[in-house]
Amino acid sequence: MNLQQISIIIPVYNVEKYLPECIESVLHQTYKNLQIILVDDGSTDSSGSICERYAEEDDRIFVLHKKNGGLSDARNAGLSRATGEYIYYLDSDDFLEPNTIRILLDCMHRTQANIILSNYYYQYADNEKAAETVFQEEVVLNNRDAMKALIEGNIQTFAWGKLISSEIAKKYLFPKDRLFEDHYWTHFVIGDADRIAIVPQALVYYRQRQDSISYTFTLKRLDVLDGWMNRKAFLEQNYPELVELCEKRYAEQYVNLAWLVLTRMKRDRGAAFRKMRNYNRILKLQNYADGETRKLICALDKNCFIYAVQAVWTRMKRGHVV
């Protein structure tokens, strides 16, 4: 029996502290027919040499060194070298349970799904972990139901942690120079799949780092707004019955994003709020929100001070820490 090859694509940038654990977790997979593509995206620490050291020890590893171009560019570069029948993206500070690939591939064979994903763990700095287990049993969805689950947040937008047929994965590159690039990508691959399956096991450890790109709050984080617009346009064309649900969900996320701008942004806060208001002039999210969410959106549309007062008051009423 010929075992199908799985291409695991790992973009690498200045993660010398975490990279060995990531690579070791892949090398120790119980499923062995792997092509492991390490894309060194212009690292300035020892990450590149760590990649080379592992490549010398295991001929399944291919290392690509390139000029820094960002996470999307690194994933795309890895995808262009992938020869496996299935693609699996893994971030270089995360790591896997030993049976991850075998469990996902077995599910793919059993269900004939094009995409398989799993529950996952949040991995914290003190080695504490917390499982994110939305699905308690194996579930198989058509692309419409999977798209609904994506909008509702039951399927995560993350590119990592999904075993995807190569036929689908190779159609969709990640947009360069965008933060939250997954928001421009996930709906396309799900929409192209006949079946999407979810296994109940938590198989990926998603490391929570305060120095990570996604945790650091800069104006680039508002790239997510363009990602939302991209997804809304896709839904209008392909799943019009889900557009209203999407806008309601975005109203909630818009309010959460505004709070992060207010409390965690050190520079460019005014520019960020202006961009958010311009975005809302197009979508008018207050029309899809109710209660406190609607009040907060309307307050932000007036000015930052009114929003700040309303946001603090709302959180105090809800018993949240301000």
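Predicted, not measured: the structure shown is a model, and the values here were computed from it.
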Notebook entry, point to check: Do you know which of I61, V39, D94, V26 makes side-chain contact (heavy atoms from CB on, under 4.5 Å) with I10?
Noted result: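 When side-chain contact (heavy atoms from CB on, under 4.5 Å) is applied between I10 and each of I61, V39, D94, V26, only V26 qualifies.
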Evaluate the side-chain proximity of [Y] to [X]: yes if any heavy-atom separation is below 4.5 Å, no if none is.
| X | Y | value |
| --- | --- | --- |
| Y88 | L96 | yes |
| F180 | R178 | no |
| Q310 | E292 | yes |

Straight-line distance of [X] [atom1] to [Y] [atom2], nearest 0.5 Å:
| X | Y | atom1 | atom2 | value |
| --- | --- | --- | --- | --- |
| S25 | L203 | OG | CG | 11.5 Å |
| K17 | I50 | NZ | CD1 | 13.0 Å |
| H187 | R231 | NE2 | CZ | 5.5 Å |
| S46 | E16 | OG | CD | 3.5 Å |
| I115 | D194 | CD1 | CG | 10.0 Å |
| W313 | K295 | CH2 | NZ | 10.5 Å |

Checklist line | Residues which pass side-chain contact (heavy atoms from CB on, under 4.5 Å) with E152, listed by chain and number, not counting sequence neighbours | finding: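 If we apply the side-chain contact (heavy atoms from CB on, under 4.5 Å) test to E152, skipping adjacent residues, the hits are K148, N154, L245.
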Next item on the list: Could you pull out all residues at least two apart from E21 that satisfy side-chain contact (heavy atoms from CB on, under 4.5 Å)?
Entry: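 Here the qualifying residues are F95, R207.
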Can you give the donor-acceptor pairs under 3.5 Å from side chains of residues 158-168 to other protein atoms, not counting sequence neighbours?
residue	atom	partner	partner atom	Å
K162	NZ	Q156	O	3.0
K162	NZ	F158	O	2.4
S166	OG	G84	O	3.4

State, to 0.1 Å, how close [X] and [Y] come at their nearest heavy-atom pair, and which atoms those are.
| X | Y | value |
| --- | --- | --- |
| T157 | H183 | CG2-N, 3.6 Å |
| Q35 | A82 | OE1-CA, 3.4 Å |
| I116 | M108 | CG1-CE, 3.5 Å |
| A251 | L285 | CB-O, 3.8 Å |
| A299 | I306 | CB-CG2, 3.9 Å |
| Y254 | I297 | CD2-CG1, 3.9 Å |

Checklist line | Electrostatic pair E244-K248, nearest N-O below 4.0 angstrom | finding: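 Result for this pair is no, no salt bridge flagged.
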Item checked: Ion pair check, K220 and D177, cut-off under 4.0 Å ->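 Looking at K220 and D177, the cut-off is not met.
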Check: Taking only residues two or more places apart in sequence or in another chain, which ones pass ring-ring contact (aromatic ring centres under 6.0 Å, His included) with Y184?
Finding: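 Per chain and number, Y184 pairs via ring-ring contact (aromatic ring centres under 6.0 Å, His included) with no residue.
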Margin query: For Y307, give me all partners under ring-ring contact (aromatic ring centres under 6.0 Å, His included), at least two apart in sequence or on another chain.
Written below: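 Checked Y307 against ring-ring contact (aromatic ring centres under 6.0 Å, His included); matches are F273.
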Checklist line | Parallel, tilted or perpendicular: rings of W185 and F174 (30°, 60°) | finding: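 F174 and W185: parallel rings.
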Please determine whether residues [X] and [Y] belong to a single hydrophobic cluster, defined as Ile, Leu, Val, Met, Phe, Trp and Tyr linked transitively by side-chain heavy-atom distances below 4.5 Å.
| X | Y | value |
| --- | --- | --- |
| I190 | V139 | yes |
| Y205 | Y122 | no |
| I9 | F188 | yes |

Next item on the list: Give every residue pair that meets the side chain to side chain donor-acceptor pair (under 3.5 Å) criterion with at least one member in residues 274-283, sequence neighbours excluded.
Entry: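 Applying side chain to side chain donor-acceptor pair (under 3.5 Å) to every pair that reaches into residues 274-283, excluding sequence neighbours, yields N278-R281, N280-Q286, N280-D301.
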Note to self: What I want to check is whether the side chains of Y172 and D192 have a donor and an acceptor closer together than 3.5 Å.
What the structure shows: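 Yes, a side-chain donor-acceptor pair sits under 3.5 Å.
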Notebook entry, point to check: Under 6.0 Å from the CD atom of E57, do we count more than 12 heavy atoms belonging to anything else shown?
Noted result: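 Atom CD in E57 is crowded, with more than 12 foreign heavy atoms closer than 6.0 Å.
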Notebook entry, point to check: Looking at residues at least two apart in the chain, or sitting in another chain, which of them share a salt bridge (charged side-chain N to carboxylate O under 4.0 Å, His left out) with E56?
Noted result: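 Testing E56 for salt bridge (charged side-chain N to carboxylate O under 4.0 Å, His left out), a comparison that skips the adjacent residues, returns none.
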Next item on the list: For K67, enumerate each residue passing the salt bridge (charged side-chain N to carboxylate O under 4.0 Å, His left out) test, keeping only those at least two apart in sequence or located in another chain.
Entry: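 Here no residue qualifies.
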Checklist line | Pairwise salt bridge (Lys or Arg N to Asp or Glu O under 4.0 Å) hits with a residue in residues 29-53, at least two apart | finding: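 For residues 29-53: D41-K66.
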Please check if the side chain of [X] supplies one atom and the backbone of [Y] the other of a donor-acceptor pair under 3.5 Å.
| X | Y | result |
| --- | --- | --- |
| K232 | E247 | no |
| Q29 | T100 | yes |
| N119 | F135 | yes |

Notebook entry, point to check: Apart from V309 itself, what residues make up its hydrophobic cluster when side-chain heavy atoms of I, L, V, M, F, W and Y under 4.5 Å apart count as a link, directly or indirectly?
Noted result: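 For the cluster that includes V309, the remaining residues are F305.
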Next item on the list: Determine which pairs satisfy ring pair (Phe, Tyr, Trp, His ring centres under 6.0 Å) with at least one residue from residues 21-62, sequence neighbours left out, and list them in order.
Entry: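 For residues 21-62, and leaving out neighbouring residues, there are no ring pair (Phe, Tyr, Trp, His ring centres under 6.0 Å) pairs at all.
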Checklist line | Residue pairs, two or more places apart or on separate chains, that pass ring pair (Phe, Tyr, Trp, His ring centres under 6.0 Å) and touch residues 282-304 | finding: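 Those involving residues 282-304 do not exist here.
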Next item on the list: Kindly indicate, with the supporting measurements, whether the criterion side chain to side chain donor-acceptor pair (under 3.5 Å) is fulfilled by T218 and D268.
Entry: CA-CA 8 Å; T218 67; D268 300 319; over 6 Å; no
